[in-house]
Structures are given as structure tokens and as C-alpha cells.
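Shown next, in C-alpha cells, is the structure this report addresses.
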Amino acid sequence: MRKDRVLVVDDDETICELVRSLMEPVYEIGVTLSGKDAVRRATEFIPDLILLDIHLSDADGFAIMDELKKSEKVADIPVLLLTGDNDTVTEENGFKRGASDYVRKPFAPDVLRVRAKRIIDLHHYQKSIEDEVKRQTELSRRLTREMMLALSKTVDTKDHYTDGHSRRVAAICAEIGRRLGKTQLDQIKLYEVGLLHDIGKIGIHDDIIRKNTRLTDDEFAIVKAHTVKGYQILKEITDMPKLCEGAHHHHEKYNGSGYPDGLAGEAIPEEARIACIADCYDAMTSTRTYSTPRKQEDVRAEILRCRGTWFDPKITDVMLGMIDEDSEYRMNENADGGDVWKEYDRLWGDMSVPYDANGAGFGAEIRMAQGSGDMGVDNEPGKTVSPDNSDDPGNSVYSAISNGSRNTVYSAIGNAPEKTVGSATGNAPEKTVLSVTSDEEDLPEWIGNIAELDSLSGRKNCGGTASYISVLTVFYRTAKRKADDIERYYRARDIAGYTVKVHALKSSARIIGASELSMLAEQLENAGKNGNTVFICENTERLLKMYGELGEKLSHFDNKISYYGNKLSHFDNKVSDCDDRPGALPKIETKELKEAYQTIAEIAESMDYGMMEDMLKSLNEYELPEKDRRIIDEVGKMLIELDWDGILGLVKTADT
């Protein structure tokens with residue numbers, strides 16, 4: 001079982017490294033330093049939680065939340081806001097946009113862990129409830145689907161000449177709906193109307209149904225009654241009212257000369273008008289007890305002749321267009337759904353239409369959530385996912401540290417062993433927790449001697465000595481670039497950009513215990529928000545000097561890291577070689593494919609629809625040879641028709 005995933009969206013490498021060091025033992029951490037890339041990264045990574053900074057240099061955090069909500073794949077993923085703001089306005093805006101919670105920088109390590117775990121656990125719990133509802137709904141839909149197919153077969157087999165008639169009429173109805181601009185859901189409804197339009201014939205004696213000579217007036221009156229009988233049967237299905245209307249009125253004619261009620265024009269329900277022309281078309285193109293299939297041009301001429309009398313002119317024009325496009329005359333008694341309805345392959349499979357109590361078809365299948373864990377992250381030992389803008393000078397060091405070299409760096413400086421405790425979650429591996437201690441001998445002396453740092457506060461903020469040194473390393477290696485950014489915005493008089501940059505410095509400096517630097521950055525941030533350019537001009541040089549002096553004192557890291565330079569470059573190479581985009585499907589072995597065919601044959605013999613569906617879903621997670629992919633797709637089509645014999649014949653041929 002894969003670890004839960006957390007995506008950090010923050011343009012401050014120091015914050016990203018802190019989150020990683022605090023949470024990586026339990027969670028799989030993904031990072032993007034670009035707000036504009038957050039939605040793409042989330043869509044590829046599919047995290048269980050997104051940690052989102054509000055103030056990013058290239059995007060507004062609230063705007064990112066809005067974009068996430070627009071993306072179907074990630075709209076439901078909970079968002080935990082990271083903010084250095086102390087006002088309630090930020091919190092209110094976050095909750096209004098759907099944030100699950102927020103934490104202020106610098107955050108207490110245990111607070112971040114507990115809130116993240118609570119949000120993820122709640123998300124999984126809600127998801128499990130939704131999945132169970134979907135599963136139960138799917139069971140109901142599957143049962144209804146099979147019953148509808150079985151009923152249509154029962155009607156059709158009363159006369160072997162009409163076998164398959166209902167399914168062909170259903171496909172024509174759905175395709176007409178598609179060409180009329182109907183939604184996928186409405187196309188499904190029309191398919192179901194066509195499938196059960198003749199259900200009332202169950203109540204007609206076989207001798208009359210199969211009679212191959214002209215019916216008497218009394219016999220014809222009995223046959224006409226199948227519309228009323230169908231209505232009586234289907235009206236009990238109150239959640240699908242169009243079914244009974246289609247059965248009741250599919251023999252009404254546009255000029256009012258039809259039966260049973262003599263309705264005319266648009267007084268005839270649209271689904272019945274569509275079923276009427278589909279029914280007549282199939283009757284003319286199929287073998288019956290009283291006739292043989294007509295030539296295509298004759299069928300077209302008859303449809304055209306009845307335009308405006310029997311058939312709705314608008315629907316007739318659509319039917320004529322279908323005939324004209326059918327140059328090979330495939331719409332006949334040998335047609336399958338795919339020969340007629342362009343959306344047929346999605347009928348019961350990948351359409352994912354939600355259930356609609358006001359008449360939606362039960363045929364729309366819910367796509368069940370897959371827990372494969374193969375969502376675009378390379379889990380090969382030794383590989384890692386690099387931050388997105390890896391051409392940034394600061395990212396190579398961050399990547400090396402986030403890939404696990406943090407322990408190497410720390411050991412170069414001299415560290416106490418990490419403490420290992422039991423699993424923090426039910427499905428996670430053992431969790432490594434770094435002890436927080438005030439014992440100065442755990443901290444390298446040269447760090448403890450830096451007057452600008454409150455190392456005890458920094459270690460508390462970072463959750464331990466090892467994490468503190470890891471975060472300090474990233475802070476140092478990105479300091480010059482960030483100082484240059486602040487100075488560049490200052491020189492350009494870009495107050496908005498300047499404010500964002502000093503806001504980020506405020507948070508990262510506070511986290512490492514550089515309280516004086518953090519307070520000055522906060523004052524400059526407030527000056528930027530208030531347009532106080534005088535204060536900015538008076539204090540920016542002081543800020544940059546303090547920032548530079550702290551960076552100079554942290555330069556001791558260079559000596560320690562260079563000792564392990566080869567190891568760090570090894571991790572850099574790993575990062576540069578890594579591609580975090582979704583990989584190709586795994587290839588299936590020949591032996592496994594052979595076993596799969598044997599299993600499909602066994603399931604077909606037992607006629608277990610659910611097992612067959614699960615088997616096909618499993619195979620769809622593999623890359624199959626082109627020939628075998630076509631076979632598996634064909635098995636899926638045959639499953640829709642419950643054609644078990646056809647499946648058996650197909651896979652036995654494939655297996656040989």
C-alpha cells in the first residue's frame with residue numbers, strides 16, 4: 001500500500017525542506033516552487049493533501065485554490081493553507097474558498113503533523129463513504145441493466161425473426177439523440193426507451209406474434225394492445241418515467257393517425273417520436289415472418305415519403321442523414337451497437353454519469369476509485385522527484401537534501417542518532433521522529449555561536465536538530481539569490497514583488513530562529529502593504545546587510561558539504577535524471593496473458609458478470625499487444641450483450 005501523499009506549493013525552499021523533514025517519514029512528499037504550476041503538478045501527483053502558501057511570487061494562493069476547484073481530478077483534494085499573516089481576513093478568505101484548515105508560519109511541528117493527519121484521515125473517511133455509496137449504486141445499476149437486457153431478449157425471442165430487434169432500435173434511438181445534440185445522459189435514456197419499447201408484447205400470445213399470414217382485425221387489435229400493456233408494466237418504475245411513455249406512444253404517428261391515443265405532432269413525447277422511426281427502420285431492414293429486408297434506397301424512399309405524416313420532420317432528417325452516411329449499409333439486422341451509435345462503447349463503461357432520480361438511466365456506470373498508487377512518481381529505490389523549476393540555482397542543493405542526503409550533510413557536521421518509534425499511522429512504515437532537545441552538545445558548536453540565531457527556538461520550530469540543520473542548509477544555499485531578488489525589486493520600485501519577497505524572508509527567518517531579521521522583514525512587509533516607501537528606503541539596505549552577514553556566518557556549511565561533494569553530486573544526478581511524469585503502463589508477461597485468457601473463459605462459463613468486469617478492469621492496467629487489446633475490447637462489448645458463448649469462442653481462439 002502506498003504512502004499518503006502531500007504536495008507542498010511554496011516558493012521558499014526553506015519551508016519546503018522543513019515540511020519534508022517533518023513529514024517525509026510518514027508521507028510521500030511532492031514539491032513545486034511555482035504557484036502557476038500547482039494545478040498541473042497536483043494533477044500529475046494526485047496528493048492526499050495540498051499544503052499551499054498564500055503569498056507566492058508568481059501567483060496568488062487564493063487564485064490557485066480557485067483553479068484547483070475547477071479541475072475535476074483534484075477538486076476534492078483538501079488544502080491546508082500556509083500563511084505568515086496574522087490577520088483574520090486571510091483565514092476567512094481561505095475558508096470561504098474551501099480550505100480545510102490553516103497553519104501560521106513558523107508552525108509548531110506537532111501542530112502541522114496533527115492537522116495534516118486529521119485532514120487526510122477525514123478525507124479518506126469521506127472518500128470511503130462515497131465509494132461505498134457508489135459501489136452500492138453500481139450494484140443496483142448493474143442489476144437493473146441486466147434485467148433490462150434480459151427483458152428485451154425475452155420479448156425478442158418470442159419470435160426468432162425479431163431476435164436483437166430491441167437492441168438495434170435502442171442504438172438507433174441513442175444515435176438520433178446524439179445527432180440532435182442530446183447529452184450523454186439523455187442518449188442513455190433513449191437507449192433504454194428503445195430497449196424496452198416492445199415490452200408489452202410479453203402479454204401477446206405467441207401464435208399471434210409468430211403468425212406469418214395477414215392478421216385479422218381482432219388479432220391486430222390484440223397486437224396494438226402491447227403499447228398499453230407496456231405502459232402498465234413500466235409505469236411502476238417511477239424513477240424512469242420516459243420508459244413507460246416510450247412504450248405507450250411509439251406507434252403514434254405525427255399526423256395523429258397512430259395508436260393507442262391518436263396523438264399528433266409535439267403532443268407525442270419526443271422519445272416516442274424517436275422510437276417510432278427507429279422501430280420502423282429496423283422492421284424494414286430485418287427479416288420478418290412476413291417480409292425480407294428491403295434495399296437501402298427503398299428504405300430511404302419510404303422514410304422520406306412518411307416525413308411529416310408518420311414521422312417528425314426534424315427527426316426524419318436526422319434519420320435520412322444516418323442512412324446517407326451508411327454507404328456500406330451496415331445498419332441492418334446484423335448490426336451491433338457500434339455500427340449505429342457513435343457513443344456505444346461508452347454506454348455502460350467509462351461514461352461516469354451520476355444517478356439522476358428524475359429519470360436518469362441506471363446504465364451509466366460509476367468509475368470506481370483506483371488505489372494503484374502509480375500516479376506519476378517513480379518509486380524506484382534511489383530516485384526522487386525534483387522540485388519543478390530545477391534550473392534554479394538553489395534547487396540542486398534542495399533536491400540533494402530532499403533526496404535523503406540530509407543525513408549525509410548532518411553526519412558531516414556531527415549529529416546524534418535519530419530516534420525510531422512505532423508506526424504513526426495504520427498503513428505507514430515505521431516513523432522516524434527526531435527528538436527535540438535543549439542539549440547544546442547535540443548542535444555543532446559553530447552554529448550555536450552564531451549570535452543572530454536562537455538555535456533552541458529554531459530546533460523547536462523544525463522538530464529536532466537534524467531537521468534544523470537540514471533547513472539551515474537550504475536557507476544558506478538560497479540566501480544570496482533571494483537577497484538579490486529583494487534588491488532587484490527594490491531598485492525597480494516594484495513594491496508588490498518586493499512585499500512578497502520580504503514576506504517569504506520573514507517566515508523562513510522566523511523558522512530558523514533569526515528573530516531580528518524576521519522582525520525587520522515583517523516591518524518592511526507591512527510598509528509594502530501600506531505603500532510606505534520612506535520606511536522601505538530607509539531600511540532595505542539594513543535588511544540586506546543583516547541577511548548577508550547571516551549568510552556569511554552560515555558559509556561554514558560549504559566546507560562541511562564539500563567534504564561529501566561526491567555524494568551530493570550523486571544525488572543531484574539522480575534528480576536530474578528523474579522524470580516525475582506518469583509512466584507507461586507495465587507490460588504483461590506472455591504467461592500472465594495466457595492465464596488471463598483461461599480465467600476469462602472460466603468466468604464466461606460461470607456467467608459471472610461482476611467477476612468478468614473486474615477481470616477486464618485489471619487487464620486495462622497493463623500494456624497489451626495490439627491484437628490482444630482488440631480482443632479484450634471485444635470481450636467488453638460482448639459482456640454488455642451478455643454474449644457468454646461469444647466470449648468463450650473469442651478467448652479460446654485467442655489462447656490458441
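All figures in this text were calculated on a predicted structure; none of them were measured in a lab.
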* Should we count CD of E130 as having more than 12 external heavy atoms under 6.0 Å? -> yes
* Assess whether atom CZ of F62 is packed by more than 12 heavy atoms of other residues, nucleotides or ligands within 6.0 Å. => yes
Return yes if some donor-acceptor pair links the side-chain N/O of [X] with the main-chain N/O of [Y] below 3.5 Å, else return no.
{"X": "D10", "Y": "C16", "result": "no"}
{"X": "R5", "Y": "F45", "result": "yes"}
{"X": "S518", "Y": "K506", "result": "yes"}
{"X": "S128", "Y": "Y125", "result": "yes"}
{"X": "D494", "Y": "Y489", "result": "no"}

So, [X] and [Y], do they make that salt bridge, N to O below 4.0 Å?
{"X": "R491", "Y": "E541", "result": "yes"}
{"X": "K127", "Y": "D76", "result": "no"}
{"X": "R488", "Y": "D485", "result": "yes"}
{"X": "R41", "Y": "D37", "result": "no"}
{"X": "D110", "Y": "R113", "result": "yes"}
{"X": "R629", "Y": "E626", "result": "no"}
{"X": "R40", "Y": "E44", "result": "yes"}
{"X": "E549", "Y": "K553", "result": "no"}

Would you say [X] and [Y] make side-chain contact, with heavy atoms under 4.5 Å?
{"X": "R477", "Y": "E13", "value": "no"}
{"X": "I512", "Y": "L550", "value": "yes"}
{"X": "C462", "Y": "I511", "value": "yes"}
{"X": "V19", "Y": "V31", "value": "no"}
{"X": "N539", "Y": "Q523", "value": "no"}
{"X": "L543", "Y": "L505", "value": "yes"}

* Say whether D11 and S57, considering side chains only, have a donor N or O and an acceptor N or O under 3.5 Å apart. => yes
* **Aromatic plane relationship, H556 with W446 - under 30° parallel, 30 to 60° tilted, over 60° perpendicular** => perpendicular
* Among I29, D4, L18, find the residue that satisfies the side chain to side chain contact (heavy atoms under 4.5 Å, CB included) test when tested with M23. => I29
* Structure fact -> With sequence neighbours left out, the residues meeting salt bridge (charged side-chain N to carboxylate O under 4.0 Å, His left out) with D66 are R97
* Asked: With sequence neighbours left out, what residues match F475 under ring-ring contact (aromatic ring centres under 6.0 Å, His included)?
  -> Y547
* Structure fact -> From the list T83, D53, N461, D12, side-chain hydrogen bond (donor to acceptor under 3.5 Å, both in side chains) partner of K105 resolves to D53
